Amino acid sequence: MPYPRPLSPHLQIYKPQLTSILSIIHRFTGIALTIGVLVFVSWIMAIALSEAAFMSVQLHFKSWYGQISLFGWSFCFFFHLCNGIRHLFWDAGLGLDLPQVYRSGWFVLYGSLSLTLGTWGYIYLR
Amino acid sequence: MIIKMNKSPIKDKRQSVYAVVRNLVSAKGETKFWVLQRITGLGLIPLGLWVVTSLINLTTSDYAQVKQCFNSPLVSSGILVFIGMTLYHAYLGLKVIYEDYIPHLSIKRVVLLITQISLLTAGSLTLWATLSLSLSSQ
């Protein structure tokens, strides 16, 4: 990046739409998942270090803030996964008509929400 | 179209337009990163699902059971590939976000450098952890 590139116009001039909101969520979930993978790495490190380290990490995951964070990360994962697949279809030139974009957008949103709730239902109710 | 430009990319009036555009990067080399972002994304669909379903199934396991998983070389190398692909995918994604939203060039460079160091550290720590787990369980 030797010279400054032109930047996007200011975000506030846009009216919120499903397409732009999902695009923003895709980026935010990507950032959250990057932090999540760093936490996952520290979990693996704790396993390699000792049982005591593992237990203290597990204690954080089992706390209320740990459970809320894990819930958030699971939504981020399912959303980024579903919307990522949507992006791959677009890259292949498929589903680019506006009605199709909206249909796949709602599908991604409801799909990732149900996968998240299903996962946590399975964890708590099994 | 509104284009916000902090500084004109043209520093020297004698530069040709081609020289300026070429220095903005992207015309050629950056396509490779766009493709790699998609390839890692595609690979992370099965790998991510495998890791997340395994984690869900491990929620009721104790230390010995969790450690047991890493005895399998397939699991250890799978985790290593998963982490490697994830970190690279994350790096490419974050780089695009920085390019879009950090206007100041030197801040952009510093943030990118911090990102590279953090992700590389995470990668090497994963390598160390998986190696020590598979070597200790002989």
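Just so it is clear, the model here is predicted, and its values are computed rather than measured.
A continuous path of hydrophobic side-chain contacts links A:Phe71 to B:Val51 [ILVMFWY only; heavy atoms under 4.5 Å]. Hydrophobic clustering places A:Ile85 together with A:Phe77 (ILVMFWY residues linked when any side-chain heavy atoms are closer than 4.5 Å, directly or through intermediates). When the side chains of ILVMFWY residues are joined at heavy-atom separations under 4.5 Å, either directly or via intervening members, B:Phe82 and B:Leu92 end up in a single hydrophobic cluster. Cluster annotation: A:Ile24 is not connected to A:Leu109 through the hydrophobic network of ILVMFWY side chains, with a link wherever side-chain heavy atoms come within less than 4.5 Å. No continuous path of ILVMFWY side-chain contacts below 4.5 Å connects B:Leu120 to B:Leu112, so the two sit in separate hydrophobic clusters.
With a 4.5 angstrom heavy-atom cutoff, A:Ile123 touches chain B only via side-chain atoms. Residue A:Leu81 touches chain B through its side chain alone, counting heavy-atom pairs closer than 4.5 Å. When heavy atoms are compared at a cutoff of 4.5 Å, B:Thr60 approaches chain A by way of both its backbone and its side chain. At a 4.5 Å heavy-atom cutoff, the contact between B:Ile83 and chain A is made by side-chain atoms alone. Using a 4.5 Å cut-off between heavy atoms, B:Tyr91 does not touch chain A at all. Proximity to chain B (any heavy atom under 4.5 Å) is shown, for A:Ser42, by neither the backbone nor the side chain.
Note: A:Leu49 CG to B:Trp128 CH2 = 4.0 Å, rounded to the nearest 0.5 Å. Remark: A:Asp91 CG to B:Arg38 CZ distance equals 4.5 Å, nearest 0.5 Å. Here CG of A:Leu88 is found 5.5 Å from CG of B:Leu42. Values are rounded to the nearest 0.5 Å. Interatomic distance, CD1 of A:Ile31 versus CG of B:Leu94, reported as 6.5 Å (0.5 Å rounding). A distance of 7.5 Å separates CZ of A:Phe78 from CG of B:Leu49, quoted to the nearest 0.5 Å. Annotation: the span from A:Thr34 atom OG1 to B:Leu87 atom CG amounts to 8.5 Å, rounded to 0.5 Å.
B:Val52 places none of its side-chain heavy atoms less than 4.5 Å from the side chain of A:Trp73. Residues B:Thr59 and A:Arg126 are in side-chain contact: their nearest non-hydrogen atoms beyond the backbone lie under 4.5 Å apart. At a threshold of 4.5 Å between non-hydrogen side-chain atoms, the residues A:Phe40 and B:Thr86 do not count as touching. A:Met45 is not listed as a side-chain neighbour of B:Thr126, based on a closest heavy-atom distance of 4.5 Å or more.
More than 12 heavy atoms of other residues, nucleotides or ligands lie within 6.0 Å of CZ in A:Phe61, so this atom counts as buried by the packing criterion. The environment of A:Phe28 atom CZ is sparse: at most 12 non-hydrogen atoms of other residues, nucleotides or ligands sit within 6.0 angstrom. Counting non-hydrogen atoms of other residues, nucleotides and ligands closer than 6.0 Å to CG of B:Leu113 gives a total above 12. Around atom CH2 of B:Trp34, more than 12 heavy atoms belonging to other residues, nucleotides or ligands sit under 6.0 Å away.
Considering only heavy-atom pairs separated by less than 4.5 Å from chain B, the leading option among A:Ala48, A:Ser74, A:Gly84 is A:Ala48. Put simply, of B:Leu131, B:Thr121, B:Leu44, B:Asn57, the one with the most heavy-atom pairs under 4.5 Å next to chain A is B:Asn57. The candidate with the highest count of non-hydrogen atom pairs below 4.5 Å against chain B, out of A:Ile47, A:Thr119, A:Leu70, A:Leu33, is A:Ile47.
Of the possible donor and acceptor atoms, none in the side chain of B:Tyr63 sits under 3.5 Å from a partner among the backbone N and O of A:Met55.
The two residues A:Phe54 and B:Asp62 come nearest to each other via the heavy atoms CE2-C, 4.4 Å. When all heavy atoms of A:Leu38 and B:Ala122 are compared, the closest pair comes out as CD2-CB, 3.5 Å.
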